[in-house]
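For reference, the structure discussed in these notes is given below.
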Amino acid sequence: DYGWNDIGYHQNQKNSANPDGGATTNAVVATPTLDGLAHGGVRLENYYVEYVCSPTRGAIMTGRYPSHTGIGPEIIRNDRAYGMPTKEVFWPELMKDAGYATHMVGKWHLGFCDNKYLPNHRGFDTFAGYLTGAEDYYTHSIAGFLDFRNASRRTAGPGAPATGAVGTYSSVVFAAEASRVIGAHNASVPFFLYIAFQSVHEPMQAPQAYLNRYAQVIPHATAEGRQRWVKAAMVAAMDDAVADVVGALKARAMFEDTVIIFSTDNGAPMLQGQGGSNFPLRGWKATPWEGGVRGAAFIRGTDSALAPLPKNAVNMDLMHASDWLPTVVRGVAGGSTAACQALDGHDQWAALQGKVNTTRDFIVHTMPGAGAPIDKGFKAVIRSGQYKLLIPGGAHGGWAKVYQKAPPEWADPPGVLPTPVVAEVDGVALYVFDILADPTEAVNLAQDDPALARRLLGELRRYQATAVPDLALAHSSDPASSPQHRRDKTWGPYGCAVL
């Protein structure tokens, strides 16, 4: 839920969404640790994620689009009896094959109804974190039941509930656990550490010390202002947690040999009163407008000769979350992806090094399964080169009102654009944008260039023929999912058909 305009190096600075470098806020949310890491590596300014979290996490872990795995565009809800299909090979499994130790800390959200869906059964040597999509930052519970545990590959089930974390803010817990893993690691063995911070997802909670930091910076007399104030404090807590992890690497003299990747999972939610900002991009979490899918991300190569990348560089190559698996497994670890299902991700390592141009010129943002009617209740969105085709489905009347939304502390932001006008081409209501020239999606090219829209529709339909339906469509609420049925009264596996 980390917004484009919530990371320091994007605020009031020239970037791909703000090419003129105009002001985007009058209350900067400082992220000195993230900024320092980003400027020590490559800032990804044409990088995309899915518009909600399970689909992005699935794409990262498998190197495949949600419309090929079945995990998306919907999230996996806590009471749904399915997970990422077991035929999918996960990123840590491939890293283990390449000789790496593998560890995970934080949020899973890729299914937990059966042990086979759990992190410690998908390639991670150890796991400390939670299985559901959201929970209290201090009690580590949701709906009154604990969801926090430790597990390892030697654990048959989900591992023991970690009650010792109760009362401690999650970014502190996760940074401490990541630091413990680093401190205990045998430095002669390469390691892969996936840290999925809870921050800055709802619920809106932050330690008082961080709220105090922004009390005089962000006006918070209104409800919307208060949410922005809390969000800023949550961002600051996350930035400090990243600093703690970096400190642990440096204490072990491992930092110079470590590749660091940072990515959001989707754009910031804004209409739900959760304080995020994607300005000047249009839209927010749960929409495939740029504010929902263009991700704040960077990669920092090693300072040593192991896997260096340019410093203080900006990369405008088209990139998607599914690219991380082949990029790291092949490009960094020297491993193989031959065991995977057909990958949608591209190995971008040489492009990130600046040696070649990217091979990616197409992204599927969201797609219904083969045969499903587009513009009849289903969204379908692709990116082809510089152009984006957005079919809002049956909700396009409401979607037409999606707009740029400045952060609440800014009473009169400049340059808020009018709403683009939906066009109809061959009976389909749609938008076409030149994203490189028009990152804020202000001008619908389909009105004056229906031939371009038809070409993009042809590309979309060719891809749709390969798409599978979202598994969420086949699963309703399962009463057996309630933790009250488990002996330990926590969220965890309860028995389900394994896909």
Side-chain angles (χ1 to χ4, degrees), residues 2 7-10 13 15-16 31-49 60-61 63 91-92 94-95 98-103 178-179 181-182 185 187-197 239 241-264 295-337 345-360:
Y2 196 36
I7 194 164
Y9 66 79
H10 277 162
Q13 301 294 321
N15 58 68
S16 62
T31 54
T33 303
L34 294 176
D35 289 3
L37 292 171
H39 287 288
V42 183
R43 301 188 297 284
L44 306 175
E45 290 291 303
N46 201 10
Y47 168 80
Y48 289 87
V49 291
I60 289 172
M61 285 291 114
W91 187 0
L94 301 172
M95 298 300 282
Y100 282 64
T102 58
H103 306 279
S179 298
V181 168
I182 292 166
H185 179 69
S188 67
V189 177
F191 81 105
F192 173 75
L193 174 57
Y194 172 54
I195 309 173
F197 282 108
D239 192 73
V242 174
D244 289 345
V245 176
V246 169
L249 289 169
K250 290 181 176 179
R252 290 293 313 279
M254 294 163 63
F255 180 73
E256 68 171 8
D257 292 333
T258 300
V259 173
I260 296 175
I261 296 168
F262 178 87
S263 171
T264 187
F298 61 81
I299 178 170
R300 187 188 191 280
T302 62
D303 291 333
S304 69
L306 284 177
L309 288 173
K311 303 290 188 184
N312 197 23
V314 173
N315 185 287
M316 279 299 297
D317 287 337
L318 193 61
M319 190 168 179
H320 184 259
S322 61
D323 295 339
W324 290 122
L325 183 152
T327 297
V328 174
V329 171
R330 297 178 195 159
V332 178
S336 171
T337 57
H346 292 235
D347 179 355
Q348 300 269 25
W349 186 249
L352 291 168
Q353 290 176 308
K355 294 179 178 179
V356 300
N357 293 325
T358 182
T359 56
R360 179 181 282 285

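Hydrogens, waters and symmetry mates play no part in the numbers below; they use all other heavy atoms, side chains included. Counting from 1, the numbers follow the sequence of the chain as shown.
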At their closest point, which heavy atom of I7 faces which heavy atom of A296, and how far apart are they?
CG2-CB, 4.3 Å
Do T327 and D323 have side-chain atoms, one donor and one acceptor, less than 3.5 Å apart?
no
Supply the atom-to-atom distance S263 OG to I299 CD1, rounded to the nearest 0.5 angstrom.
11.0 Å
Are the aromatic rings of W91 and Y194 close, with centres under 6.0 Å apart?
no
Does the side chain of P92 come within less than 4.5 Å of M61's, by heavy atoms?
yes
Is a donor from one side chain sitting under 3.5 angstrom from an acceptor on the other, for S304 and D257?
yes
Could you tell me which non-hydrogen atom of G331 sits nearest to which non-hydrogen atom of D347, and how far apart they are?
N-OD2, 3.9 Å
On the 0 to 90° scale, with breaks at 30° and 60°, tag the F298-Y9 ring pair as parallel, tilted or perpendicular.
perpendicular
Roughly how far, to the nearest 0.5 Å, is the CE atom of M319 from the OH atom of Y47?
6.5 Å
Aromatic ring proximity H185/F191, centre distance under 6.0 Å
yes
Could you go step by step and tell me if F262 and Y2 meet the side chain to side chain contact (heavy atoms under 4.5 Å, CB included) rule?
CA-CA 11 Å; F262 178 87; Y2 196 36; 3.7 Å; yes
Test ring pair (Phe, Tyr, Trp, His ring centres under 6.0 Å) applied to H346 - qualifying residues, sequence neighbours left out:
none
Will you find, in the side chains of T358 and Q348, an N or O donor that is under 3.5 Å from an N or O acceptor?
yes
Search all heavy atoms of G40 against all heavy atoms of K311 and return the closest pair with its distance.
O-CD, 2.8 Å
I'd like to know if the side chain of E45 and the backbone of N315 have a donor-acceptor N/O pair within less than 3.5 Å.
no
Side-chain donor-acceptor pair present, D239, T33, cut-off under 3.5 Å:
yes
P190 meets the side-chain contact (heavy atoms from CB on, under 4.5 Å) criterion, sequence neighbours left out, with Y100
Any side-chain donor-acceptor pair under 3.5 Å between R330 and T337?
yes
Nearest-0.5 Å distance that lies between atom CG in L193 and atom CE in M95:
11.0 Å
Please identify which of these residues, I261, L352, D317, meets the side chain to side chain contact (heavy atoms under 4.5 Å, CB included) condition with L44.
L352
Should V42 and V314 be marked as a side chain to side chain contact (heavy atoms under 4.5 Å, CB included) after you check the CA-CA gap, both sets of side-chain angles, and the distance that decides it?
CA-CA 5 Å; V42 183; V314 173; over 6 Å; no
For M316 and N46, which heavy atoms make the closest approach, and how far apart are they?
O-ND2, 3.1 Å
Pairwise distance NE2(H39) to CG(L34) - rounded to 0.5 angstrom
10.5 Å
Closest heavy-atom contact between V242 and L37?
CG1-CD1, 3.8 Å
Contact check, side chains of I182 and M254, non-hydrogen atoms, under 4.5 Å:
yes
Taking all non-hydrogen atoms of both residues into account, name the closest pair between P308 and Q353 and its distance.
O-NE2, 4.0 Å
Can you confirm whether the side chains of R43 and N15 place a donor and an acceptor under 3.5 Å from each other?
no
Quick one: pull up OG in S322 and CD1 in I60 and give me the separation to the nearest 0.5 Å.
9.5 Å
Separation between OG1 of T258 and CG of L306, rounded to the nearest 0.5 Å
9.0 Å
